[in-house]
Q: 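To start, I am sharing the structure in question, which I have written as C-alpha cells.
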Amino acid sequence: MSSTTNSSIRVRFAPSPTGHLHLGGARTALFNALFARHHGGKLVLRIEDTDRERSTESSITAILDGLSWLDLSWDEGPFYQTRRLDRYRDIAFSLLSSGHAYRCDCSPEELDERRSAAMKMGLPPRYDGRCRDRSIPPDRPHVLRFRTPENEPIVFHDLIRGELSFDSAVLDDLIILRSDGFPTYNFAVVVDDVDMNITHVIRGDDHINNTPRQIPIFRALSQKMPAFAHLPMIYGPDRTRLSKRHGATSVMSYKEMGYLPQALVNYLVRLGWSHKDQEIFSRDELVRYFDLDHVGSSPSVFNPEKLLWLNAHYIKNSPAPDLVPLLREQVRDLRDPLPQAADTAHWESLTNSLKARSRTLVELADSARPFLESRLVIDPEAKIKVLTFENLPVLEHLALALRSLSDWTPESLRNVFTQVGEALHKKLGDLAQPVRVALTGGTVSPGIFEVLLLLGRTVSLSRLDHGIKMVQEDSDQGATH
RNA sequence: GGUCCCAUCGUCUAGUGGCCUAGGACGCUGGCCUCUCACGCCGGAAACACGGGUUCGAACCCCGUUGGGACCA
C-alpha cells in the first residue's frame with residue numbers, strides 16, 4: 001500500500017480525442033473525479049492526441065462539452081501530448097544513454113515477415129531483440145526500443161483486483177520513439193504520469209495488459225509507481241464492449257434525448273460501484289461515499305431501462321423552476337403560442353402537472369405543447385373512440401354549463417361536472433374523457449380540472465366548441481350516407 | 001493463437017465463513033388508489049455456472065472445468 005497522504009492524491013482522466021465522450025469514458029472520468037473530490041486531491045485532464053491519424057479538434061471539443069454537461073470538473077489541464085513531444089524525446093534519449101533503450105532499424109516489412117514466420121511455428125509474434133547489441137548509427141532511419149528486463153516477474157497490486165502478475169517473457173522490447181520522432185502510447189503515458197505526479201491511475205481494464213509494459217519504464221526512470229485501479233468494462237446487451245452498434249453511446253446523445261445529467265451520472269456511478277442498497281445519490285453523497293473499495297471487478301451490461309427510470313425519478317423530483325428552462329429549450333419552435341405561454345407561472349404549474357408523467361424532457365415537451373400552442377392536433381384514434389355522437393350531449397351540456405360559470409376555480413368546475421353528471425346519469429369518467437380529447441387532443445393528460453385550469457376559460461370553451469362542431473359534422477356526413 | 005481479466009435473479013447489485021429458507025433496484029407481473037395516463041402504495045415470479053476440496057459450517061477460501069470478455073497481434 002502506498003503511504004501517500006490524502007492531500008497529495010492526484011489522478012487523471014486521459015481520453016484520446018478520436019470521437020465523442022462515450023459512456024465508458026464518462027464513467028472513468030466520473031470515478032476519477034469522485035475519487036479526487038472524496039480525498040481532497042486533484043484531477044488532471046490530459047488529452048492523448050499522439051495518434052495524428054485519428055485525433056481531431058472536434059473530438060476534443062466534444063469531450064470537453066460532455067464533461068461539462070455532466071458537471072465533471074478538473075483541476076489542471078487540459079494538457080496535450082502533442083505539445084510535449086520534445087519532452088518525450090528528451091526522456092527517450094536519456095533512456096538511450098543510460099542503456100535502457102537502443103536503436104533499431106528493422107523495417108516494418110522485415111518485422112511483418114518475422115512475425116508471420118513465428119506465428120507459423122506456433123511462437124508468440126514478438127520482436128526478437130536482434131538490434132539489442134548492434135550499434136546502429138544515428139543517421140540511419142531507426143526507432144528507439146525499450147530494453148525490457150528479462151526474467152523479471154512483473155507483479156503489481158491493483159486496488160480493485162488485488163495482486164496481478166505477468167511473466168516478463170511475454171513482453172518484447174517495445175518501441176518508445178518512432179522514426180518520425182513521435183512517442184508510442186505506453187511510453188508517453190508513463191512520462192506524463194511521472195511528470196504530472198499522478199498517484200493513482202484509475203482507468204478501464206482494457207489497459208490492464210498495458211500495465212506490465214509500463215511498469216519497467218517507471219523502474220528504468222527510477223520513479224515511484226502510481227497505484228493502479230482497473231475498472232471493469234461496460235458491455236452492451238450482447239456482452240461485448242459497448243460500441244456504436246449498441247445504439248446511443250455518446251454522452252451528448254442522452255442530452256438530446258431529454259436526459260438529465262444527474263440521472264446519467266447516477267446511473268453510471270452504480271455500474272460497478274455500490275453503497276449498500278442505495279440507488280439514488282446526490283452529488284454530495286457521491287463525494288462523501290465514493291471510494292475504490294466498493295468498486296466491483298466484474299463487467300456490467302448497460303441497461304437503458306434503468307437509466308430511463310432514474311431520469312423519470314429526477315424529472316419528477318426536480319422543482320418546477322429548475323425544469324422550466326429545460327422545457328423552454330425543448331419547445332423553442334413554439335408556433336402561435338397561447339397567451340398564457342408568456343407567463344412564467346403558467347410554465348411552472350404546467351411543469352408541475354406533467355413532470356410525474358414524463359420520463360424524459362422530450363416527453364415533457366410533447367405533453368406540454370397542447371398547453372402552449374394554439375394549434376391543437378387531435379389524435380385520430382382518440383377521436384374515433386371518444387369524440388362520438390353518443391358523447392355529443394355530454395359535450396354540449398358541459399359547454400353550456402361551463403359558459404355560464406362566473407368563476408373558473410377547481411371547486412366550481414367540479415360542481416359543474418357533478419351537476420351535469422347527475423342530469424345525464426353519467427359518472428365523472430364518462431364526462432372527463434370526451435372533454436379531455438377535445439381539450440388536449442389525446443386520451444392522456446393531467447386531471448381534467450387541472451387541464452381546464454391550465455387552459456383557462458377562453459381556450460377551454462373554444463376547444464370544446466370546436467370539438468362539438470367536429471362531432472356534429474361527422475355525424476351529418478354519416479347521415480347522408 | 002498467446003497473455004490477462006471476469007462469473008449472485010433477464011439486468012445493475014448487497015453479501016468479505018455462521019445474521020442467507022440469499023437482501024435492494026430496474027424490468028416483468030397481480031392488486032390498491034383513480035376522471036384517463038402516470039405517480040404513489042401493497043404483493044408475486046425470478047439468481048449463488050459446474051465439479052472437487054478446506055472447514056463443525058461456504059454464495060463467500062483454494063483447485064479444476066465450463067462459459068464470457070479484453071488486450072496483443
Q: Taking only residues at least two apart or on different chains, which pairs with a member in residues 299-317 of chain A satisfy salt bridge (charged side-chain N to carboxylate O under 4.0 Å, His left out)?
A: A:Glu279-A:Lys306
Q: When you get a sec, tell me which of B:rU13, B:rG27, B:rU11 is the closest nucleotide to the side chain of A:Glu305?
A: B:rG27
Q: Roughly how far, to the nearest 0.5 Å, is the CZ atom of A:Phe146 from the CG atom of A:Leu177?
A: 14.0 Å
Q: Pick the C1' atom in B:rA7 and in B:rA59, then give their distance to the nearest Å.
A: 12 Å
Q: Sugar-phosphate means primed atoms, P, OP1 and OP2; the rest is base. With that split, encode nucleotides 33-49 of chain B 5' to 3' as B, S or - using protein heavy atoms under 4.0 Å.
A: --BBBSSS---------
Q: In whole angstrom, give me the gap between the C1' atoms of B:rC62 and B:rU55.
A: 12 Å
Q: Pairs of donor and acceptor atoms involving the side chains of residues 447-457 of chain A, under 3.5 Å and at least two apart or interchain, shall be tabulated with distances.
A:
| residue | atom | partner | partner atom | Å |
| --- | --- | --- | --- | --- |
| A:Glu450 | OE2 | A:Ser353 | OG | 2.6 |
| A:Arg457 | NH1 | A:Leu405 | O | 2.7 |
| A:Arg457 | NH2 | A:Arg403 | O | 2.7 |
| A:Arg457 | NH2 | A:Leu405 | O | 2.8 |

Q: So which nucleotide does B:rC37 pair with, by the Watson-Crick or G-U wobble rule with both distances under 3.5 Å?
A: none
Q: When rounded to the nearest Å, what value does the distance between C1' atoms of B:rA47 and B:rG27 take?
A: 15 Å
Q: Should B:rG18 form a Watson-Crick or G-U wobble pair with both distances under 3.5 Å, which nucleotide is its partner?
A: B:rC56
Q: Is there a Watson-Crick or G-U wobble partner for B:rG30 with both distances under 3.5 Å, and which nucleotide is it?
A: B:rC42
Q: Does A:Arg328 make a cation-pi contact with A:Trp347 (under 6.0 Å, within 45 degrees of the axis)?
A: yes
Q: In whole angstrom, give me the gap between the P atoms of B:rG23 and B:rC9.
A: 14 Å
Q: On RNA chain B, does the nearest nucleotide to A:Phe302 precede the nearest nucleotide to A:Leu307 from the 5' side, or the other way round? Give the residue.
A: A:Phe302
Q: Distances under 3.5 Å only, N/O to N/O: pair up the protein atoms with those of nucleotides 65-71 of chain B.
A:
| residue | atom | partner | partner atom | Å |
| --- | --- | --- | --- | --- |
| B:rG69 | O4' | A:Tyr235 | OH | 3.4 |
| B:rG69 | O2' | A:Tyr235 | OH | 2.3 |
| B:rA70 | OP1 | A:Arg241 | N | 3.4 |
| B:rC71 | OP1 | A:Arg241 | NH1 | 2.8 |

Q: With sequence neighbours excluded, tell me which residues meet ring-ring contact (aromatic ring centres under 6.0 Å, His included) with A:Trp273.
A: A:Phe281, A:Phe290
Q: Over how many whole Å does the gap from A:Ile208 atom CD1 to B:rC4 atom P extend?
A: 11 Å
Q: Nearest-Å distance, CG (A:Leu171) to C1' (B:rG2)?
A: 12 Å
Q: Let's see if you can work this out: which of B:rA7, B:rC5, B:rA25 has an atom nearest to the side-chain heavy atoms of A:Arg161?
A: B:rC5
Q: Give A:Leu164 one of three labels, base, sugar-phosphate or nothing, depending on what nucleic acid heavy atoms sit under 4.0 Å from its own.
A: sugar-phosphate
Q: Among residues 370-393 of chain A, which contact RNA chain B at a heavy-atom distance under 4.0 Å?
A: none
Q: In whole Å, measure the gap between the P atoms of B:rC72 and B:rA14 for me.
A: 29 Å
Q: Under a 3.5 Å cut-off for both contacts, is B:rA70 paired Watson-Crick or G-U wobble with anything, and if yes, with which nucleotide?
A: B:rU3
Q: Would A:Arg27 pass as a cation-pi partner of A:Phe31, given that its NZ or CZ must be under 6.0 Å from the six-membered ring centre and within 45 degrees of the axis?
A: yes
Q: Rounded to whole angstroms, how far apart are CD1 on A:Ile234 and C1' on B:rU13?
A: 14 Å
Q: Quick one: salt bridge (charged side-chain N to carboxylate O under 4.0 Å, His left out) pairs with a partner in residues 426-449 of chain A, sequence neighbours left out?
A: none
Q: Between B:rA45 and B:rA22, how far apart are the P atoms? Round to whole Å, please.
A: 11 Å
Q: Indicate whether the side chain of A:Arg161 and that of A:His230 have a donor and an acceptor atom separated by less than 3.5 Å.
A: no
Q: Going by salt bridge (Lys or Arg N to Asp or Glu O under 4.0 Å), name the residues that satisfy it together with A:Arg241, two or more places apart in sequence or in a different chain.
A: A:Asp206
Q: Have a look at A:Tyr259 and tell me which of A:Tyr314, A:Tyr267, A:Tyr254, A:Trp69 forms a ring-ring contact (aromatic ring centres under 6.0 Å, His included) with it.
A: A:Tyr254
Q: What distance do A:Glu348 atom CD and A:Leu327 atom CG have between them, rounded to the nearest 0.5 Å?
A: 11.0 Å
Q: Holding to ring-ring contact (aromatic ring centres under 6.0 Å, His included), I want the full list of residues that pass it with A:Tyr88, two or more places apart in sequence or in another chain.
A: none
Q: Indicate whether OP1 or OP2 belonging to B:rA14 is found under 4.0 Å from a side-chain N or O atom of A:His294.
A: no
Q: Applying a 3.5 Å limit to both distances, which nucleotide forms a Watson-Crick or G-U wobble pair with B:rA49?
A: B:rU65
Q: Going by heavy atoms closer than 4.0 Å, what residues in residues 272-284 of chain A are next to RNA chain B?
A: A:Gly272, A:Ser274, A:Lys276, A:Asp277, A:Glu279
Q: Side-chain atoms of residues 373-386 of chain A: list all donor-acceptor pairs with protein atoms under 3.5 Å, sequence neighbours left out, distances to 0.1 Å.
A:
| residue | atom | partner | partner atom | Å |
| --- | --- | --- | --- | --- |
| A:Glu373 | OE2 | A:Arg335 | N | 3.0 |
| A:Ser374 | OG | A:Asp336 | O | 2.9 |
| A:Asp379 | OD2 | A:Ala382 | N | 3.3 |

Q: Not counting sequence neighbours, which residues clear ring-ring contact (aromatic ring centres under 6.0 Å, His included) with A:Phe187? List them please.
A: none
Q: Can you check the distance between B:rU13 and B:rA49, where both ends of the measurement are the P atom (answer in whole Å)?
A: 15 Å
Q: In whole angstroms, how far is the C1' atom of B:rU16 from the CD1 atom of A:Ile160?
A: 16 Å
Q: Just checking A:His142: does its NE2 atom have more than 12 heavy atoms from other residues, nucleotides or ligands closer to it than 6.0 angstrom?
A: yes
Q: How far does the C1' atom of B:rA58 sit from the matching atom of B:rC50, given to the nearest Å?
A: 16 Å
Q: Counting only heavy atoms not in A:Arg288, do more than 12 sit closer than 6.0 Å to its CZ atom?
A: yes
Q: Let's test this: given Watson-Crick or G-U wobble pairing with both distances under 3.5 Å, identify the partner of B:rC9.
A: none
Q: Nearest to the side chain of A:Phe166, which nucleotide is it out of B:rC12, B:rC4, B:rA7?
A: B:rC4
